[in-house]
Each structure stands twice: as C-alpha cells, then as structure tokens.
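To start, the structure itself, in structure tokens.
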There are 4 protein chains.
Amino acid sequence: MCTAATYKTKDFYFGRTLDYEFSYGDEITVTPRNYPFEFRYMGRMDSHYAMIGMAHVAGDYPLYYDAINEKGLGMAGLNFVGNAAYQEADESEDRDNVAQYEFIPWILGSCASVGEARVALDRMTLTGTPFSEQLPTAQLHWIIADRNGAITVECMADGLHVYENPVGVLTNNPPFPQQMFLLNQYMGLSPKQPVNTFAPEVGLSAYSRGMGAIGLPGDLSSTSRFARVAFVKQNSLPADSEAESVSQFFHILGSVDQQRGCCEVAPDKYEITIYTSCCNADKGIYYYNTYEGHQINAVDMNREDLDGAELARYPLIQGENINWQN
Amino acid sequence: MCTAATYKTKDFYFGRTLDYEFSYGDEITVTPRNYPFEFRYMGRMDSHYAMIGMAHVAGDYPLYYDAINEKGLGMAGLNFVGNAAYQEADESEDRDNVAQYEFIPWILGSCASVGEARVALDRMTLTGTPFSEQLPTAQLHWIIADRNGAITVECMADGLHVYENPVGVLTNNPPFPQQMFLLNQYMGLSPKQPVNTFAPEVGLSAYSRGMGAIGLPGDLSSTSRFARVAFVKQNSLPADSEAESVSQFFHILGSVDQQRGCCEVAPDKYEITIYTSCCNADKGIYYYNTYEGHQINAVDMNREDLDGAELARYPLIQGENINWQN
Amino acid sequence: MCTAATYKTKDFYFGRTLDYEFSYGDEITVTPRNYPFEFRYMGRMDSHYAMIGMAHVAGDYPLYYDAINEKGLGMAGLNFVGNAAYQEADESEDRDNVAQYEFIPWILGSCASVGEARVALDRMTLTGTPFSEQLPTAQLHWIIADRNGAITVECMADGLHVYENPVGVLTNNPPFPQQMFLLNQYMGLSPKQPVNTFAPEVGLSAYSRGMGAIGLPGDLSSTSRFARVAFVKQNSLPADSEAESVSQFFHILGSVDQQRGCCEVAPDKYEITIYTSCCNADKGIYYYNTYEGHQINAVDMNREDLDGAELARYPLIQGENINWQN
Amino acid sequence: MCTAATYKTKDFYFGRTLDYEFSYGDEITVTPRNYPFEFRYMGRMDSHYAMIGMAHVAGDYPLYYDAINEKGLGMAGLNFVGNAAYQEADESEDRDNVAQYEFIPWILGSCASVGEARVALDRMTLTGTPFSEQLPTAQLHWIIADRNGAITVECMADGLHVYENPVGVLTNNPPFPQQMFLLNQYMGLSPKQPVNTFAPEVGLSAYSRGMGAIGLPGDLSSTSRFARVAFVKQNSLPADSEAESVSQFFHILGSVDQQRGCCEVAPDKYEITIYTSCCNADKGIYYYNTYEGHQINAVDMNREDLDGAELARYPLIQGENINWQN
C-alpha cells in the first residue's frame, strides 16, 4: 500500500511511498497562489498558498496524493480501505463541507501550520463526493505535518478523528490508535547490541551486529511497515547537509520498499513502490525517485512563478539513468 | 556487515552490499589479462582472465572485495568473524597455497565457471598470510557464482568447506549450513495472502496486502538479512530488459540496506551500507551506488584494454547527483 | 494477569486462570437460590438462580471472580487495568445500577443465557462503588458465556461495550476489538505442517513436527496469551467423555500457565497462575487445580441444598497430593 | 516430539515429556542391582547400579526412555530423526560396543556421574543393532545429567559427539550446537518489563505484565520448545521444599505441553504429551503425570529391594483422579 514519514534535521522533510500495482499517470505539480480552486461546496478560492506535490491532473485539476505548501506544511493521503467512511454534507452555516478529493488543497491552500489545520478540521465535514464518475472516491486517511509535529486524520463511520502523531509515520490499516498501540510490542528493540538477560549464567553471544532489533518485522503488511519505518525514522541520526538529509530520508522509506514479486495482489499482479518522495518543506523542493529510476530527481517550487494562475507540471521520470564512468 | 546475492534474468547478475562503519578507500578496478599477479606461494601469473570489481588498491595490488571475470564468474568475500580460521601452508607438491587476500584473483584469474572453481578449491590450501602489516588478514567467507549455480566457501578450524548454495545469497555468521537450516523456519511464508487456518470458523481477515510474509524478520542481524534477502530474491519476478533487471537487483539488496543510526557498533558509531554493487556477469559491467548516492553508476570492463597490463581504476562516486527537472 | 476460555464437547465448559503475585484468600463457594443478595442500588434479591464459583467471601458476601449458574451461564472478571472506567449511578427509572463487585451475582442470579444477559446489560449502569474501604474497586472486564456463544463486556470512559466473542477467550489489555484484530496477524498458522511457499525450488524441509504454528507467541503478555490460548482452544479436538473434556480444558489453559520466575512484577515479586478452573456448566461442577497442586479437585453444586439460604464454602486445596504407587 | 530438562534446588531433578501419537505400553520400572543385563556385545553385567525410570518392558528387558540411577545420574533418549546415525561395531580390544537400546542401562549401570559417563563414552561405539525385528532401532539423541552438569550425546554420520549442555535442556532436531546457537536470537528477552529503547522520546508503554519476553516462540516445533523451556527453566526461582520443587518442575515442562489437536502428524492423527516425568535424582523418586491424569504419581526406588534381581514394574496411571471436595 503506502508509507509516509517525516524527518527533521536543519530543515523539515516530509514524504511518502506510493505502492500499487498500476499508476493513474502522475506528475509533479506546482499550484501557484492564484490558480483558482473551485470547491464543490465552498465556492471558489482565488488566492491561496502555493503548493507542490505529486498529483494526477484531471482536466487541469490537481488531484494531489501528497504535497507541501510554501509555509512548510505537508499532507499526504494513504489507503485506508475498509475503515474510511465519509460524511454527509452538513448544511449548518458554521460547517465547511469538503469533498475527499479536495482535502489536500483545502488544507494546504489555507493553513500555514498543523495548528491552523486543527482549527480548520474542527469546522470541516469531509464528504465522499467523487471527483467524477471515472474517478470514484478513494478510501484514504491522511498525515498532516510541519516541523513542529504531525497529526493523523481518519474519517470513519463514527466520525472524523484527529490524532496527535508522535512518531511522524503513517501506513494503512488498522486505525491509527491501534497502529500506535502495536509499537508497544517492540518497545525493547534497539540499535544497540542486546545484553544477555535470557540466561545470564549461560554463555550466549551476539554473533552478528544489529541483533538489538531482532523481533522487528520484515514483511510488507501495513502493521509491519509501520513498525519498521518508525524504528528506522526514530533512530536515524540527524544529518547536517541537505544532501545527507535527503539521502537519509530515502533510506528511511527504503526500509519499507515493496519489491516486485513480494506482494501479490491478484494472480500474477504485484504491488510495487511506484515512487518515493521527499519534500524539503522549508525550501519547497520536491525530491523523488521511482521503482526503475534510483536517481533522485527534484522540482523546486521556487523556480516557478508562484504568483501565477497556471499549474506547472513535470512528468515522473521513469527508467534508470545510469551514470557511466567509462 | 554485508550481503551478497545472485539473480538471473536473460543475463546473470551478481552483487553485494558492503556494510561497515568506515571505508578503506575503494575503487572500481579493472584488472586486464596481462596484469602480472605475484602470488605469495604460487609465483607469478602473467596471463589470466580479465576481471572487474571493487577493490582497495594497495601499492598497485587490487585487494578485491567482490569481482566478476570475463567468463561470467563472480566472487565476493564477506565478513565471517569468529568462524574464519585459515590454514597453514602445505608444502605437498599437489597443493596450491593461496593467501586469503589472493583468493579472488586466484579463482577469477583461472576459472571460467563454478565447476572449474570447485576443481581449483580441491587442491587449494587457504593461508592466513596477511598482505602487509598495515592490512591484517580479514576473517571472511566467500560466495562464488555463475549463471548455473553458486557455492559458499568457508575455511574454519576443521578445514575448508565448499557448500552448494541453492539460494544464491550470503551474509555473515553463522556458518552456511546453519543459515540454510534457518530458512526452514520461514518455509510457510509467501507473497500471496494467507488463508485462515488458525481458526477457520472465526472470521479473521487480511486487513492489509502483503500479510503472507508476516514472520519474516526485519532487523539487521546476519540471520535476519539472510532470510529477508533470500525471500525477496527467490520471489523476484524475472525482468526482461537490462534496465529492469539491474533495477530489480538493487531492490533485492535494498531489502537489507543498513540505515545510518539503526546498527550501533560502538558508542556513536554506526554501520551503514557503504556501497551496493550489481555486476552483469555476462556483459562485464559493474553497476553500483553508494549510501549517499542513490543514482546507479557503471563501469564497463569491455571499454578498457583487456589485453593490457595496467589496472584501470575509477573512484567511488559519493554524494547525491540530483536530477533537477526545473 | 488472567486468561479465560470456553470449550464445548457434549457439555459446555467454562473456566479461567487467576494469575497474580498474592491471593486474597479464595474459596469455592456455592450460593443457593435463597441466599439473600443485598444490592447497593437495586435492593434485595431474595430468590435467584443458584451459582457456584471461586470467591473471596467478605463478611458472608461472595465476591466472585468467576462462576456458573444452574442454567449453564458462566461469567468471569479479568484484569483490565488502565482501560476500565465505571459509570455514575443513573437515577432514571428504567436503569439498573449495579456496582462492579455485584456484577457477577446480578447477571448469574437472573439470567439463564447470554441472550438474557444481553437484555439485562442494555438497562444496566455499572458503577465503581467499592465493596468496602478495604476492598477497593478492581479494574476488570468480563466474559459471559453459555453453550451457544460468548460476549465480552468492557466498561470504559466512552461507555459500556458488549462485544460478540467468537473465539470464546479473554485475557487482559488491550480492549477486546484490538485483541480480535491481532488474531489476524496469525491467521496463516496451523496445526498442520507448512508447505514450502518461501522458495519452492529450494529444498527446505520440516525438520520437526509442529512447525505449522511457528510465529505463535510464547511469552506471558496479555496479547500473546490471547493468541496462544485462542489457537489451542480453536484447534482442540472434541472429546467424548467428561474426563477427557475436563483434561483437555486444563491443557488449553495450561498453554498460558504463568511459571514462577518468568513474570517479574516488582523486584523479586513474581506473578504465577494461582488457580485454574474448569466448570462443567451443564452439570454444575467446579473443577480446579492450583499452582502447587496439580491434581484436579471438584465441587458439585448439586450435592448442596440449592434451595437453602446459606453459602457453602470449600477451601482451595494447596500443595501437591502425590499418588504413591509403592 | 519430546523435551527433557534438569532443575536444581536442594535436590537435583531430571525429567522429560514424551510426546507422540501412540504409546508402546510403558511402565515405571525399577531395575535392582542384581538384575542381569545381557549386553549384545559386552556380555553379561551381573551387578550394577540400581535404576528407576520409564520403560517399555519387552520380554523382561527394560527398554528405558529415561531413568536415573541410585547415584543421582539421569539419562533420557529423545527423538533425533534424520540426524541420528549409528556406528558399526568396532572389534578393537579397547572399544565397548553398545547397541542403541542398551545405551541407558550401560551408562546408568556403571557410571556414578557425568564425569564417569564421559570416560565411558570415550571408549564406546554406539551400534544401531535393533532389539528385535518388532522393535527397530529408534533415531535418538541423549541427555545425561547429574547435579553438577549435563551433556548431550549425538551419534551422527560423522561420529559420536559429546557436548557440554549448559542449559540442561534437550528437545529434538537440529543437532545440539545449532539449538544452542539459536538461543542467541533470544538473548535480550527477560522476565522483567521492557524499557522503551525503540523510540525513547515517544510515549510507549507496557500495557501488560510479562512483556519482557515478547519474541519467545509459542509453537510446538523442536526449536521453539527448546527456547521456551530454556527460558522457563533458567528463570525458575529456586524452591525450598520437595513439593515446591516438584511442582515447579512440572510447570517448567508444562511450558512445552503438546495439546491434543495442535500438532497434526498425519490426517486426524495428533501428537500429545503422553507423560511428563520428574525424577528426584538424589532421593530416587520417579514422579510423573499423564495427558489425562493431572495428578502427580510417584514410585520410590528405595521402597523396593534394590539388591534383588527382578524388575519391579508399575503401570502408568491414566485417567483423571478427581479429588471431590463434596
């Protein structure tokens, strides 16, 4: 399915993997401040924060999977199949009705921080209105994060939940509180070597480096990816430079890479990590690579006319760009 | 520590990760056919198969970590600390005494296949003679592979063992038969979704894709890396093109990537995956990337003068080469 | 902590372990039909179903840990520390206010089945009123079961929850829906030998019987005990006779036995399985054994005057009663 | 299959489970000092140490599964299928040829300690000679123990191995050194609660007692039983009295009890723990219980005429002996 993570060094980084068995056709898309967003219930938003992210652009409308805005706020939607349940539009005057496909623009367009997003969420009703007949509503949940923290948003049959996300990661099912609960199972794991507490008077030995995390799960289920990426993220060393930080971020999400052949979703159909992204939320740069393109590509939103009204779109680069040394 | 793997599509691929907390200074090194190898006990080999691999070059001598030769035979040495024990030189006429640091050139210089390597091993004594005072003998074991199979070579206190390696992977401790035995623990894991055999009349459900491999270990110990890379390698789909094959190979070894911070080897010292290599053993191309350089680099031995007598050396490219799209 | 289970052969069996580091002093206690129960809010119940179970009798009041009634309904309270939260008494006319310590008599005194218990629960408010200053309110949740099914009752900050319990087992934290969710992690486990789906073309082998359940947890945490006892219970063969059924029941709960020394709760304080019980709910027999008394003891409620008004109390037999054969 | 363990409090205890899908018909059998043992190659032993243990008696010959002698030495044979390989009789004068079925009498008849057993093993050849056509040779390995230590004896294709057994437990495959190696995987487990080293700044919590041993396997395979029983044995508290010690011993082996239905060995055939034994090796008492007989039974060898020449045999008590309290 998918995994999202945050990472803070000198700058704040936010990104995700998108894991699936096919692609809708995605583009790195910059939405400048004056691109007019037509909201289904809320009318037109003529001016808003600029944002950059990965989107399927349908008829000039950016259906974002994940994005950051110029204020350093990031947001990503991840599959939440079987648990997501959207709300009916609420006609009360003090409610903001937002269709699920508008959720990322709605928040990133108007909120400069997680705190502001929390305020917006308080008055928001999230409807299941589809973008079009061809693009039915996806069952998603979201992570919203800035350099000071992260929240998880889950709209379920019993309402819209907003959870503090202290680890800064998100995968898929089950609901977030259960994912967090499951981390307790691994609380004794460590990057350090284990001490023999099993039978101290018997001569057990650490025959390999890295044994302190034995028990960390290695499969591709959503619970196992949650635990693994949380462990790697929480134990990642702070990096100094931009290059080191970006590199480390790709290693963090690399820990939950879905390899072709290891996750069968139907006979002879396999899910893979289609792309992995890493946004520098402070600098407005969208880094990413693809399953068959290990090199990191980048689009810098600040090289676009952020006061414009037109989307800037860059195709996803596929295929290995090999650097030949001879 | 390290992980090696083989992979066969249309061509045969062979590579490894080198995981450590520092580097000796490594170069992609082509040894042409007429580079004179001075062996400690076996005299001078003036002519041999050409080879390409990663080496620390000490005084014009290529100390290979891993390499392939022009015949499609690959070989890599991996840490085997606590178990490796080398032999005394054997003066019998029919024995070939080879110092541990000469082992890769000795085999790749003269053997065109795993079968020929087996014959050479039969008459070989592997000594612990160090290359120099500054470069003491490493405790290693080896994988030797061609497109038809692989073997593991372990020199221990009870002699030199040559094992058939049916999975085509190698990590570190324990000895190879025990690593293979441990795979039995995971024999029921699968890329397919599990069926409820726990309690068929109770409604359990697969809440996520990828649950068929729950139980696969996710830590960085040598036994867990062995199981994980074996699972990913064995279930990797065959790829058609060179680019797809190379890409998949890096995903296979990416499953055992060591992230900075997750494997502490001494207070504030951490092991990372310094480089990952992937040789196309049929075409003589050495692909690799580095911890802070996700792009895949390549050196093609056939672009060198393979009849020459001089090493061709290429520095390891470090640092992210970002492809800016705007 | 504790584990409860149900088991159905020709008769219906219901029992539990009580795991703790000390005992309050417990007795197998039969409450006959005319023992007057004085309820804190609900007045006096002069006549009710007879019941038998393990209780701490405080001033002639049976504080039951677990019991069955003469109609074949069983009920047990298990620790639920950190999650249990009781309600304020509700003065509405149609509400039944029941103190936590009265919950078992209230249900078993008046309900002949799980269905009737569900009806009673619908109008019930569960208060935290303590029995006395010396015996403060325990944080518990409950399993209620008859031969046709089982439910779990959890009173938490967000209200009283009644869950269908399809596996017929209960341990402790976390809340029941999460315990059930966690069983999904083990859905592929089986009493049968595994088939090699890890790497079918590599010769893996089942080196031991019993490998189909590798992955089942073996520690004493509440989640691991839940999974283990559910597996053993669900895969237990139906037994023919009373002796076989009772024996098998003790084997089911024996799978989560807490051994002295394996669960430290404070320096040099260890939790153990103080007693294990097994009620034949059809015949009204309370079987049990203790940590240091492996023999199974029994009290048959039908050998008491069930129309009486006095408790019949039998001390818990401690110490091994060895059967010397010579 | 089977599990054996040792346990030392004031006295020394030695016992085992016998796990199988059927029984040959077993009896607690005392062999007094002057029972004449006819050895296949070694002639007649007219006088020897007395011993008590569980045996299938075939034509007045005690085929022991496990026994102790009057000197406090214990020995048990456990299945070792696929690895056991016996030797050819060796005609050299200084060799003792012992048939596999004679091994327990040979050692217990003449050795007063593990040290003496080691000396006897040095000159011993273990042959696969069957007892009779009806009773072919079993594939076994052995544990031999006294209050000062234990050894494991494994006769394999490469010879007879005698291993120090520092944990005092034995199950089945794989060979003992691999079983011991596998304990390293669990070295960080503990009866104490875990400390959060996974992500110290994130609020993880121990939601249950007993979480320090999460990762301990709970299935019935021989490797999982080895780890589990080793953990329970090594962490068992020393007990003061005979009753407490015996009780604790049954709890130790109870941790690897095989429940009917959980280990299918053929369609609708299930292995169970047929009996569990516990010998007080200092006092010469054989305690045991059976799958359907939880009460502990005992036979005291010192109540027999140990200077006699006739076997004393006691049938295995089956069926629950319920202690009715009313």
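Sequence lines set the chain letters: A, B, ... in the order given, protein chains first and strands last, and positions in each chain run from 1. Predicted model only: the values in this text are computed from it and were never measured.
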Looking only at heavy atoms and a cut-off of under 4.5 Å, which of [options] has the most pairs with chain B?
options                                : result
A:Ala213, A:Ala312, A:Cys262, A:Ser222 : A:Cys262
A:Lys192, A:Gln259, A:Glu264, A:His294 : A:His294
A:Leu237, A:Asn235, A:Val256           : A:Leu237
A:Ile214, A:Asp257, A:Thr273           : A:Ile214
A:Glu304, A:Arg260, A:Gln258, A:Met211 : A:Arg260

So for [X], is it side chain, backbone, both, or neither that comes closer than 4.5 Å to the heavy atoms of chain B?
X        : answer
A:Phe80  : neither
A:Tyr270 : side chain
A:Ile285 : side chain
A:Arg228 : side chain

Pick from [options] with the largest number of heavy-atom pairs that fall under 4.5 Å of chain A:
options                                : value
B:Tyr314, B:Phe250, B:Tyr287           : B:Tyr314
B:Ser190, B:Ser208, B:Ala298           : B:Ala298
B:Thr223, B:Ile272, B:Asn79, B:Asp268  : B:Thr223
B:Val81, B:Leu189, B:Ile317            : B:Ile317
B:Ser236, B:Gly319, B:Gly218, B:Ala243 : B:Gly218

Checklist entry - Sequence neighbours excluded, which residues qualify as side-chain hydrogen bond (donor to acceptor under 3.5 Å, both in side chains) partners of B:Thr290? => result none
Checklist entry - What pair of heavy atoms forms the shortest contact from A:Trp324 to B:Asp300, and how long is it? => result CZ3-CB, 4.0 Å
Checklist outcome for this item: B:Ile28 and A:Gln325 have their tightest heavy-atom pair at CD1-OE1, 4.2 Å
Going from [atom1] on [X] to [atom2] on [Y], what distance comes out if it is rounded to the nearest 0.5 angstrom?
X        : Y        : atom1 : atom2 : answer
B:Phe231 : A:Asp219 : CZ    : CG    : 8.5 Å
A:Asn289 : B:Ile322 : CG    : CD1   : 9.5 Å
B:Asp19  : A:Arg209 : CG    : CZ    : 9.5 Å
B:Ile296 : A:Glu320 : CD1   : CD    : 3.5 Å
A:Gln193 : B:Cys263 : CD    : SG    : 6.5 Å
A:Leu220 : B:Leu216 : CG    : CG    : 8.5 Å

Next on the checklist: Using modelled atom types and a 3.5 Å cut-off, is there a donor and acceptor pairing between side-chain atoms of A:Glu244 and backbone atoms of B:Glu292?
Outcome noted: no
Item to check | B:Tyr291 backbone acceptor or donor facing A:His251 side chain under 3.5 Å | outcome: yes
Next on the checklist: Please classify the contact of B:Asn172 with chain A as side chain, backbone, both or neither, using a heavy-atom distance under 4.5 Å.
Outcome noted: neither
Checklist entry - Step by step, would you call B:Asn83 with A:Tyr207 a side-chain contact (heavy atoms from CB on, under 4.5 Å)? => result CA-CA 10 Å; B:Asn83 279 304; A:Tyr207 60 83; over 6 Å; no
